[in-house]
Trainee: 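Sharing a structure below in structure tokens format, with a few things to ask.
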Amino acid sequence: MERLSYEIEINAEPEKVWSVLWADITYRQWTTAFTDGSFYEGTLEENNIVKFLDPKNNGMYSRVEKVIPNEEIRFLHLGEIYDGIEVPQDWGEATEAYFLEENEEGTLLKTEIQTPAEFKDFFEEKFPKAMTIVKHLSENQL
């Protein structure tokens, strides 16, 4: 399992950054860094299952492990989705977490990922781009 982390300083309050991360329209914008047309289905509440999908109904499903609005959210990835069919995976502690820390500049957004080694290069290429889009959306939207 690879442990990856990314962070970016954003000149906006945590509530704004949180909204950009998880509101449907802005989520679809920043996740284009991973796949065009990405969206999620489900409610971001602890123990709920959330599906992260592309326009062809492929993606993955995860359990929301922890939510503190405007501060932290953590997902445990459970499996992949092919043509809408859930396929469990034995990924162990494959997690993705977002932390928002308010500071003098606005918000420090940190992301921590535990991923199987096979996905490391993908995340190393795509996550910095995604966080740059979150920064742009957070700083430039009304």
Side-chain angles (χ1 to χ4, degrees), residues 1-84 86-89 91-142:
M1 197 66 75
E2 297 280 339
R3 181 181 202 86
L4 310 173
S5 65
Y6 308 94
E7 62 181 55
I8 193 165
E9 193 67 52
I10 300 174
N11 186 14
E13 65 278 0
E15 294 80 8
K16 175 67 175 178
V17 178
W18 183 269
S19 176
V20 166
L21 285 170
W22 307 116
D24 183 59
I25 192 165
T26 48
Y27 177 87
R28 290 172 185 260
Q29 291 173 312
W30 72 265
T31 56
T32 59
F34 302 104
T35 303
D36 277 340
S38 293
F39 65 100
Y40 72 88
E41 292 179 346
T43 307
L44 300 178
E45 296 175 1
E46 288 183 15
N47 297 313
N48 281 3
I49 300 296
V50 176
K51 296 179 182 181
F52 299 96
L53 299 163
D54 69 12
K56 296 180 180 174
N57 236 5
N58 298 314
M60 67 180 171
Y61 64 101
S62 308
R63 183 173 54 245
V64 181
E65 296 280 284
K66 183 174 185 178
V67 179
I68 303 172
N70 307 314
E71 291 182 26
E72 176 182 353
I73 191 164
R74 180 181 305 271
F75 301 97
L76 175 65
H77 300 310
L78 303 173
E80 295 180 282
I81 301 172
Y82 301 101
D83 293 322
E86 295 178 7
V87 180
Q89 300 291 324
W91 288 329
E93 286 297 309
T95 59
E96 187 172 330
Y98 297 81
F99 304 94
L100 289 75
E101 296 177 9
E102 189 168 14
N103 59 33
E104 303 80 37
E105 307 300 316
T107 304
L108 177 63
L109 172 61
K110 296 196 290 188
T111 305
E112 293 179 0
I113 303 167
Q114 288 196 149
T115 183
E118 66 212 64
F119 299 120
K120 179 182 179 181
D121 289 344
F122 174 82
F123 285 128
E124 290 283 297
E125 177 189 348
K126 306 290 186 180
F127 236 100
K129 292 176 185 176
M131 293 185 77
T132 299
I133 297 170
V134 170
K135 175 181 175 68
H136 176 77
L137 291 170
S138 298
E139 292 179 349
N140 295 298
Q141 287 200 341
L142 296 174

Trainee: Atom CH2 in Trp18, atom CG in Asn70: separation rounded to 0.5 Å?
Mentor: 6.5 Å
Trainee: Is any side-chain heavy atom of Leu109 less than 4.5 Å from a side-chain heavy atom of Leu21?
Mentor: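 Result yes, sub-4.5 Å side-chain heavy-atom pair found.
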Trainee: How long is the straight-line distance from CZ of Arg74 back to NZ of Lys66, given to the nearest 0.5 Å?
Mentor: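 Reported value, rounded in 0.5 Å steps: 7.0 Å.
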Trainee: For Lys135 and Glu139: C-alpha separation, side-chain torsions, deciding distance, then whether salt bridge (Lys or Arg N to Asp or Glu O under 4.0 Å) applies.
Mentor: CA-CA 6 Å; Lys135 175 181 175 68; Glu139 292 179 349; 2.8 Å; yes
Trainee: Are the side chain of Thr132 and the backbone of Pro128 linked by a donor-acceptor contact shorter than 3.5 Å?
Mentor: yes
Trainee: Output the distance between atom NZ (Lys51) and atom OH (Tyr61), rounded to the nearest 0.5 Å.
Mentor: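 Separation between the atoms: 9.5 Å.
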Trainee: To the closest 0.5 Å, what do you measure between CD (Glu71) and CD (Glu15)?
Mentor: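 So the CD of Glu71 and the CD of Glu15 are separated by 9.0 Å.
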Trainee: May I have the step-by-step check of side-chain contact (heavy atoms from CB on, under 4.5 Å) for Glu2 and Gln114, ending in yes or no?
Mentor: CA-CA 5 Å; Glu2 297 280 339; Gln114 288 196 149; over 6 Å; no
Trainee: So do the side chains of Glu125 and Phe34 get within less than 4.5 Å of each other, counting heavy atoms only?
Mentor: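 No; the side chains remain at least 4.5 Å from each other.
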Trainee: Would you call Leu44 and Phe75 a side-chain contact if the rule is heavy atoms closer than 4.5 Å?
Mentor: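 A side-chain contact exists here, since the closest heavy-atom pair is under 4.5 Å.
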Trainee: Relative to each other, are the rings of Trp22 and Tyr27 parallel, tilted or perpendicular (30° and 60° limits)?
Mentor: parallel
Trainee: Is a donor on one side and an acceptor on the other found under 3.5 Å between the side chain of Asn58 and the backbone of Asp54?
Mentor: no
Trainee: Do Ile49 and Leu78 have side chains that approach each other closer than 4.5 Å (heavy atoms only, starting at C-beta)?
Mentor: yes
Trainee: Nearest 0.5 Å, what's the CG-CZ distance between Asp24 and Arg28?
Mentor: 4.5 Å
Trainee: If you look at every heavy atom in Glu7 and Leu108, which pair is closest and at what distance?
Mentor: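 It is OE2-CD1, 4.0 Å.
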Trainee: Please name the pair of heavy atoms, one in Pro14 and one in Leu100, separated by the smallest distance, quoted to 0.1 Å.
Mentor: O-CD2, 3.4 Å
Trainee: Quick check: closest heavy atoms across Pro116 and Trp91, and the distance to 0.1 Å?
Mentor: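 Nearest heavy atoms, Pro116 then Trp91: CG-CD1, 3.6 Å.
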Trainee: Minimum heavy-atom separation for Leu137 and Val20, please, with both atom names.
Mentor: CB-CG1, 3.7 Å
Trainee: Are Phe127 and Phe122 an aromatic pair by the rule of ring centers under 6.0 Å?
Mentor: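 No, they do not, as the ring centres are separated by 6.0 Å or more.
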Trainee: Does anything in residues 92-109 pair up under side chain to side chain donor-acceptor pair (under 3.5 Å), and if so which pairs, sequence neighbours excluded?
Mentor: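 Of all non-adjacent pairs touching residues 92-109, those that pass side chain to side chain donor-acceptor pair (under 3.5 Å) are Glu9-Asn103, His77-Glu96, Glu96-Tyr98, Glu101-Lys110.
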Trainee: Between Asp36 and Pro55, which heavy-atom pair has the shortest distance, and what is it?
Mentor: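 Looking at all heavy atoms of both residues, the shortest contact is O-CD, 3.4 Å.
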Trainee: Between Tyr6 and Glu124, does a side-chain contact (heavy atoms from CB on, under 4.5 Å) hold up when you go through it step by step?
Mentor: CA-CA 9 Å; Tyr6 308 94; Glu124 290 283 297; 2.9 Å; yes
Trainee: Val17 and Ser138: which non-hydrogen atoms are nearest, and at how many Å?
Mentor: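 Looks like CA-OG, 3.7 Å.
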Trainee: Would you mind reporting whether Ile73 and Val67 have side-chain heavy atoms less than 4.5 Å apart?
Mentor: yes
Trainee: Distance check, rounded to the nearest 0.5 Å: Thr115 atom OG1 versus Leu4 atom CG?
Mentor: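 With rounding to 0.5 Å, OG1 (Thr115) is 6.5 Å from CG (Leu4).
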Trainee: Quick one, Phe119 with Lys126, criterion side-chain contact (heavy atoms from CB on, under 4.5 Å). Give me CA distance, side-chain angles, the key distance, then yes/no.
Mentor: CA-CA 11 Å; Phe119 299 120; Lys126 306 290 186 180; over 6 Å; no
